[in-house]
Protein chains: 4
Amino acid sequence: MNTAASLPEDARPRRRSERARLAILRAANELLHENGLDQFSIEGVAARAGVGKQTIYRWWPTRAVLVADALLDRDDLVPTSPPQTGDVSADVSAWAGDLAAALGSARGAATLRMLTAAATDNPEISRKLHEKFSGPIQDGALARLAGAPGLTLDSAERRITVDAIIGLIVFRVLAHQEVRSSDAVALARGLLTGLSLEDPLRATRG
Amino acid sequence: MNTAASLPEDARPRRRSERARLAILRAANELLHENGLDQFSIEGVAARAGVGKQTIYRWWPTRAVLVADALLDRDDLVPTSPPQTGDVSADVSAWAGDLAAALGSARGAATLRMLTAAATDNPEISRKLHEKFSGPIQDGALARLAGAPGLTLDSAERRITVDAIIGLIVFRVLAHQEVRSSDAVALARGLLTGLSLEDPLRATRG
Amino acid sequence: MNTAASLPEDARPRRRSERARLAILRAANELLHENGLDQFSIEGVAARAGVGKQTIYRWWPTRAVLVADALLDRDDLVPTSPPQTGDVSADVSAWAGDLAAALGSARGAATLRMLTAAATDNPEISRKLHEKFSGPIQDGALARLAGAPGLTLDSAERRITVDAIIGLIVFRVLAHQEVRSSDAVALARGLLTGLSLEDPLRATRG
Amino acid sequence: MNTAASLPEDARPRRRSERARLAILRAANELLHENGLDQFSIEGVAARAGVGKQTIYRWWPTRAVLVADALLDRDDLVPTSPPQTGDVSADVSAWAGDLAAALGSARGAATLRMLTAAATDNPEISRKLHEKFSGPIQDGALARLAGAPGLTLDSAERRITVDAIIGLIVFRVLAHQEVRSSDAVALARGLLTGLSLEDPLRATRG
DNA sequence: TCTTAATCGAGACGGTACGTCCTGTCTTGTG
DNA sequence: CACAAGACAGGACGTACCGTCTCGATTAAGA
């Protein structure tokens, strides 16, 4: 966890109790993964964390914000960036596979679903989620593509490529369908080898 | 709406009031789009529909199920199938563009976000959502691909192709990012022309 | 039970089902004595009696009326009249003792309490209760007193005497206090021997 | 009202809002006397008192307990004790007359009926009612009798005497019959002059 | 070192909605 | 036509949380 520094936005407020803050985030995380988003309540967090409700309301404006903060308070969540070997296609494919594995795991899928739901009615949460979650993921992959020699995709095309890969994974997770890393890898490879899916895969196998 | 016959699954229960059923679905739809999912309450629906709460609880086990039923009770929701000209790539691209337009519209996006959130804690809802929403969309596109002469994608590859296109759109909607039809079209074309994105688009423009 | 003739007020309505009527009164009685007045519901009676709710509402205007009818539908409830030996004091004392025993029993006390509560908000029930329950009790004792040679109580005084005896018993029952027959007997004797309580009892013992 | 100090039994619970407590008791009283016990609802009290329902449920376990507390929260309810002139018979007769007047009044009768009904299913309420209502009434009269020189009634006989007087009044109130003070006075005098009703009353008039 | 003001735990408060139970009315076959 | 069955509009139940509001009791500056 990157708990110690997760609110450095504008100099952590004076005299805030670190003990309380950690207990709240930990309790929130546990309760979200134990009971799901529907059952999640501020009172439940306060009770589990051994904290007064006011202490939560003092620092988090909204249930949804607390949910987002609690779920995002983990830096082990996703592989942010592709590796940097010479082979763009291989690097991005590897990244796609890792991302699928991370978000396809039980915990990763649950987290993604709850984050998505928390952001539904709330563009503010959505912004924060993008800033700390989807943004870094996109940026890592985009940077890898941007720096690739011999790849002539323009900016819009690079975004489409990356979002298609992420989208495949996200869609399957949200649809409660199985997420196979190999599918994400196949998609990445197909999008980057300059050929449609049908041929490169053929080639790979044959 | 296909309200009149939307639940003929196994002989509508005994002497259920059609009047009440329609009023409930209509009220739920209105309230969802007026106030969003957070503010949505069974009591609100009952009041707006002029119906007792028990009448809702009698037929819908859960808030989430009602949300799903209400939102899905519209057959104008999405373009289910691609056209059937001779050109697969063109047909699927057209379908992708239409889908992006439908889900990218304010109402479509709101519906998609609320459906997703409603399904978060609830695989049962997810199943229903797939059955009536994502399933038909996938199937339409898959069928078009399956019947295409000269296309050598196997079943898994066809699914990847379709889900990447849907995923791109869904991801952007849920991330509160702009959904351009042209992006979906570009992705479809790139996946189906046997070339990477970089070339065909080049060619199209140049 | 005097069930067969308990509604002869104005020629039992045409085509009324005797089976249903009896089942309802029996079920109501059972439920009242099993669960008490608070838990008593029309639906409960309908279910236990194997009867539609409408059948109850068709013949009983109100929950309270049904309660009264059900509880009063027993002629074993109380000893209506004193015996008629030559000795007024002895006869009335015997009656008082019997009444105390009847209303002091668990079942009698429960019945009395529930009847009283049912009549609280409802003078109509109160009237019916008097007509079928307290009235006959009072009348029997009043008649015995009225016909007694050598007793010079006027009508108002006879009512006071009788109501004091009934009142002692009723008060103790409603106060959840023990009701001893001997107390009722002592009161009756005291009121009728022309002496205060202190002497005749003294005399009796000494 | 003795509202300010009516619950000092064992140190009023922590930081209970006196404002809310008073508003609740006042609202309950008003609603009981306006609409009767049948119509009485916790929600109605909460609304009238400007209070959340939970605040009522936090301090009163049951509708019946609230009814009892509200109705008993008045020390003007009844004349607790007989006067103390030298003449027992006169003192107790005066007390009996006052009691009949108090309980025979519209408000007194309504209160008595509602208290009785509230205690029907609930020995706990009955106990509280006795402790704060019937108990003090009995005790006052019993004490007057106990201290009377020349009166040789034993303890049981004193209770019978007192309960007969109270019982006469209570019975008539609950039976929705007229309660004349003169009747209570006559009974008291008859029971205490060492003579039956027939003579002393004769003597009084003649 | 002492003061003092913000933060803490606790939890009562006015509210809203929950999901259940029951009311009294109604509608639909059955006998 | 009364009946068993049970859906209906409505309303109260008792519970769970919401977000706000006191209360002392820490507790970490700054005087």
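Per chain, numbering begins at 1; letters A, B, ... match sequence-line order. Given the structure is predicted, the values throughout are model-derived calculations rather than measurements. Side-chain atoms are counted along with the backbone in the values below, which use heavy atoms only and exclude waters and symmetry mates.
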Give the rounded distance in Å between these two atoms: [atom1] of [X] and [atom2] of [N].
X: A/Arg48; N: F/dC17; atom1: CZ; atom2: C1'; result: 17 Å
X: A/Leu66; N: F/dG19; atom1: CG; atom2: P; result: 11 Å
X: B/Glu18; N: F/dA7; atom1: CD; atom2: P; result: 15 Å
X: D/Trp60; N: E/dA12; atom1: CH2; atom2: P; result: 14 Å
X: D/Arg21; N: E/dA12; atom1: CZ; atom2: C1'; result: 15 Å
X: C/Tyr57; N: F/dA4; atom1: OH; atom2: C1'; result: 16 Å
X: B/Arg58; N: E/dG19; atom1: CZ; atom2: P; result: 16 Å
X: A/Ile56; N: F/dC17; atom1: CD1; atom2: C1'; result: 12 Å

Got a salt bridge between [X] and [Y], using NZ or NE/NH1/NH2 to carboxylate O under 4.0 Å?
X: D/Glu131; Y: D/Lys128; value: no
X: A/Arg48; Y: A/Glu43; value: no
X: A/Glu18; Y: A/Arg21; value: yes

Residue pair D/Phe40/C/Val51 against DNA chain F: nearer the 5' end by closest nucleotide is C/Val51
Select from B/Gly52 and A/Ser41 the residue whose nearest nucleotide in DNA chain F is closer to the 5' end of that strand.
B/Gly52
Looking at F/dA4, I'd like to know if its phosphate oxygens (OP1 or OP2) sit under 4.0 Å from a side-chain N or O belonging to C/Thr55.
yes
A/Trp59 vs E/dC8: side-chain N/O to OP1/OP2 distance below 4.0 Å
yes
For residues C/Asp69 and C/Trp60, determine if any side-chain heavy atom of one lies less than 4.5 Å from a side-chain heavy atom of the other.
yes
Quick one: are C/Asp38 and D/Arg63 in side-chain contact, heavy atoms under 4.5 Å?
no
Find which nucleotide of DNA chain E each of D/Arg19 and C/Thr62 is nearest to by heavy atoms, and output the residue with the more 5' nucleotide.
D/Arg19
Please figure out whether A/Lys53 or A/Ala49 has its closest DNA chain E nucleotide nearer the 5' end.
A/Ala49
Go through F/dC17, E/dC21, E/dT23 for me and flag the one nearest to the D/Gln54 side chain.
F/dC17
Can you figure out which of F/dA7, F/dC13, F/dG19 approaches the side chain of B/Arg15 most closely?
F/dA7
For B/Gly50, answer base if it contacts any base atom (sugar-phosphate contacts may also be present), sugar-phosphate if it contacts only those atoms, and nothing otherwise; contact means non-hydrogen atoms under 4.0 Å.
sugar-phosphate
